[in-house]
A.B. asks: 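Dropping the structure in here first, questions after.
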Amino acid sequence: MCGITGYVGPRPGVRTVIEMLRRLEYRGYDSAGVAVAAQGDGDMRIVKAAGKLAVLESQLQDHWETHGAAIAHTRWATHGGPTTPNAHPHFSQDGKIALIHNGIIENYQELRAELVSEGFVFASETDTEVMVHLVDRAFQKLGDMETAIREALTLVTGAYSIAVCSSHELETLYCAKTASPLILGLGEGENFLASDIPAVMRYTRSVIVLEDGDFAKITPAGVTLTNLTGGAIHREPFAVTWDEQTAEKGGFPHFMLKEIHEQPRALADTLRGRLTDSERVFIPELEGFTKEQLAGFSHIHIVACGTAYHAGMVAKRFFENLLRRPVEVSVASEFRYADPLVSQQTLCFIVSQSGETADTLAALREAKRLGATIVSVVNVVGSSIARESHACVYTQAGPEICVASTKAYVTQLMVLYLIGLHLAATEERLTDELHQGFVRDLVALPDAVESVIGNALLVEDLAAKLADRSVFFYLGRGYDYAVALEAALKLKEISYLHAEAYAAGELKHGPLALIEPGVIVICLATQPAVFDKMLSNIKEVAARGGTVVGVVYENEHRLDTTADHLLRIPAVRPELSPIVSIVPMQLLAYLVAQQRGCDIDMPRNLAKSVTVE
Ligand code: AGP
């Protein structure tokens, strides 16, 4: 993980790359650094600091207005702790070459030993530093920066997006990528590079998304794109149409709250263009598959991590109920090493907000190697997972900045429901009535979510009562169990409270021993088919003194006398309730974390996009 930025042009280089970096802090925030090959004397100036970007900024008084090609980096530690020496940029011994990196160099130990034996002195514990010394060594031999960087890249294995600036070649940046994201922003007499599009949006809307193996030379006059061996390549720029506001907080105190509020719009956008006038699902991205192909898959497998995995759990149940075929759902980090039962008869769904999660990307590649057909559900356009899939159905959530996923999750669910209906309709397993009924109910979901958000004050009240408690359980059956897992994850990651989710029927097989006065038990009870069973489980909790918070449909009153607190949501078709019932859970997690003074958008130890295994 890590965010990188770079700039060449007439603006003050340091100020520009730091402003860009502020839009990437979600990628990592345990240290930051900047380097500029100063105009005039050509001296390389490098400032680094442990901690968030603000710490670095406080040390830049003498550098803000420095002009020259500049690069900057915000780090999420992998190799080497979050210290100032380990912060990027790393630099050559003579201080004339600076390099930033996102990814992991897998063979860095061998390379480091080799360089040390040749007399190179290392200033950090990172894997990255070997690269700058390799570039320096090659430069000393070849006398040309571009060739030196290319030679260094032939020696490293692993994942990288890198950017290099140097006082050997002023007003020029070089960058390259393999397996970590990198984009270029094209301006008039100036050019930009970054890990992600929001970093360049305030300067330019013309963007090139680089692909694995791409190498770019960037000057104020233009960019030259080649592959790693120097062959010319062409990548078409595209115009970013997002409103800049959509990538900013838009008046909310945190991105998380803003993104919770964006859910009705994101859901509506995700439906757009995927329903016909006759109220049927139509997914253009799946048009490439014939009816025979789709019906021919004997096995469906869904693979994802974290929140996206929880969306996959909902989809498993939905697909199985509609298609009457076994559907497996796997955590990506387990899938790859499990010798998975995947073949040419497997339709594999890969779910990821970022499209860059290393475990998920590796699982995709493994499934592909085994012959599966890959359909991904991704939010970030042009990301690695989207590009490497046979087909990609994008969620339309827009940029999600908060580490805790909210709008990406509900839009993943929406896309998965659409896909389930598309498959069932293709296989003629849906009556017209059922198909149209589902479509009408999907269309009603944005309003249902809006109404839950409108009742946030009730959740605020509850959050105030719960914020000082330390043990939380989340229970549910069926679809509610998948939501319980996601709800517990939300609370854990942003409030640092201990929260566990259980299938409600499992409680009596062990966890019930933990229920005592003071323990909060949040009981999702939206599924009519198992409501009575859920009620029994809730009574078991109440009898042991646990504090019961029920999440029920607004017309449901059977918990009124048993629950200590109730959160009511609009009644929707039970299969679709996860999109609605998660919303008060997101709000509760947010409000509890706010009461506890937690760093909501950037929870400790976490980062938005986990691009390492
Ligand atoms: C959830 O709030 C987390 N951000 C995390 O579990 C996330 O869903 C997971 O890392 C997967 O990310 P992806 O969707 O970008 O692949």
Side-chain angles (χ1 to χ4, degrees), residues 1 26-29 76 179-181 195-196 254-257 259-260 263 266 302-315 329-336 349-365 374 376-389 392-395 397-416 474 482-483 485-497 499 501 582-583 585-590 593 598-613:
M1 190 133 357
Y26 69 91
R27 296 183 63 83
Y29 33 80
W76 185 71
S180 298
S195 301
D196 199 357
H254 299 96
F255 280 112
M256 183 174 180
L257 191 58
E259 288 160 5
I260 289 172
Q263 291 180 118
I302 304 170
V303 186
C305 297
T307 289
Y309 169 74
H310 297 152
M313 285 184 69
V314 172
V329 56
S330 297
V331 166
S333 54
E334 289 294 317
F335 173 88
R336 189 179 174 199
F349 290 98
I350 301 283
V351 188
S352 173
Q353 187 285 130
S354 62
E356 299 292 347
T357 301
D359 287 323
T360 313
L361 184 57
L364 178 158
R365 289 175 177 158
I374 312 290
S376 57
V377 176
V378 168
N379 192 40
V380 177
V381 177
S383 56
S384 304
I385 288 174
R387 291 200 313 274
E388 294 190 25
S389 305
C392 174
V393 187
Y394 284 111
T395 51
E400 190 180 65
I401 307 295
C402 178
V403 167
S405 186
T406 52
K407 61 178 180 167
Y409 171 71
V410 295
T411 55
Q412 283 162 355
L413 289 177
M414 183 62 95
V415 166
L416 290 164
Y474 287 77
V483 178
L485 286 163
E486 173 58 10
L489 175 62
K490 286 287 91 71
L491 188 72
K492 278 184 246 210
E493 65 183 329
I494 59 168
S495 72
Y496 319 142
L497 286 167
I582 192 59
V583 179
M585 302 291 89
Q586 296 166 342
L587 285 165
L588 183 67
Y590 172 82
C598 298
D599 193 348
I600 292 177
D601 285 333
M602 294 184 190
R604 69 187 183 200
N605 306 338
L606 301 179
K608 182 65 182 164
S609 174
V610 186
T611 51
V612 293
E613 281 194 68

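Numbering of ligands and ligand atoms starts at 1, following listing order. We're numbering straight along the sequence, starting at 1.
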A.B. asks: For ligand 1, note which part of Glu356 has a heavy atom under 4.0 Å away: side chain, backbone, both or neither.
C.D. replies: neither
A.B. asks: Is there a side-chain contact between Ile494 and Met256 (heavy atoms, below 4.5 Å)?
C.D. replies: yes
A.B. asks: Has ligand 1 got any nitrogen or oxygen that is less than 3.5 angstrom from a nitrogen or oxygen of Thr360?
C.D. replies: no
A.B. asks: What's the shortest distance from atom 13 (P) of ligand 1 to any protein heavy atom, and which residue and atom give it?
C.D. replies: Thr357 OG1, 3.2 Å
A.B. asks: Does Leu491 reach the side chain of Leu588, with side-chain heavy atoms less than 4.5 Å apart?
C.D. replies: no
A.B. asks: Checking the N or O distance criterion of under 3.5 Å, is ligand 1 in contact with Thr307?
C.D. replies: yes
A.B. asks: Is there side-chain contact between Pro603 and Val403, with heavy atoms separated by less than 4.5 Å?
C.D. replies: yes
A.B. asks: For ligand 1, which is the ligand I care about here, please tell me if Ala404 has any N or O atom under 3.5 Å from one of the ligand's N or O atoms.
C.D. replies: no
A.B. asks: Which of the numbered atoms in ligand 1 are below 4.0 angstrom from a heavy atom of Gly306?
C.D. replies: 6 (O)
A.B. asks: Would you mind telling me if ligand 1 is within reach of the side chain of Glu493, the backbone, both or neither, using heavy atoms under 4.0 Å?
C.D. replies: side chain
A.B. asks: Are Ile302 and Val351 close enough that some pair of their side-chain heavy atoms sits under 4.5 Å apart?
C.D. replies: yes
A.B. asks: Taking 4.0 angstrom as the limit and counting only heavy atoms of Ser354, give me the atoms of ligand 1 inside it, by number and element.
C.D. replies: 13 (P), 15 (O), 16 (O)
A.B. asks: Is there a donor in the side chain of Thr307 and an acceptor in the side chain of Ser405, or the other way round, less than 3.5 Å apart?
C.D. replies: no
A.B. asks: If we only consider heavy atoms of Cys305, is any one of them less than 4.0 Å away from an atom in ligand 1?
C.D. replies: yes
A.B. asks: Quick check on contacts: which atoms of ligand 1 are under 4.0 angstrom from a heavy atom of Lys490?
C.D. replies: 1 (C), 2 (O)
A.B. asks: Report yes if the side chains of Val314 and Tyr409 come closer than 4.5 Å at any heavy-atom pair, otherwise no.
C.D. replies: yes
A.B. asks: Is any side-chain heavy atom of Gln263 less than 4.5 Å from a side-chain heavy atom of Thr406?
C.D. replies: yes
A.B. asks: Do me a favour and list the nearest non-hydrogen protein atom to atom 10 (O) of ligand 1 with residue, atom name and distance?
C.D. replies: Val610 CG2, 4.2 Å
A.B. asks: Considering only heavy atoms of Gln353, which atoms of ligand 1 have at least one such atom less than 4.0 Å away?
C.D. replies: 13 (P), 14 (O), 15 (O), 16 (O)
A.B. asks: Can you list the ligand 1 atoms lying under 4.0 Å from a non-hydrogen atom of Val403?
C.D. replies: 2 (O), 3 (C), 4 (N)
A.B. asks: With a 4.5 Å cut-off on side-chain heavy atoms, are Lys608 and Glu400 touching?
C.D. replies: yes
A.B. asks: Find out whether Leu257 and Leu587 are in side-chain contact, i.e. whether some heavy atom of one side chain is under 4.5 Å from a heavy atom of the other.
C.D. replies: yes
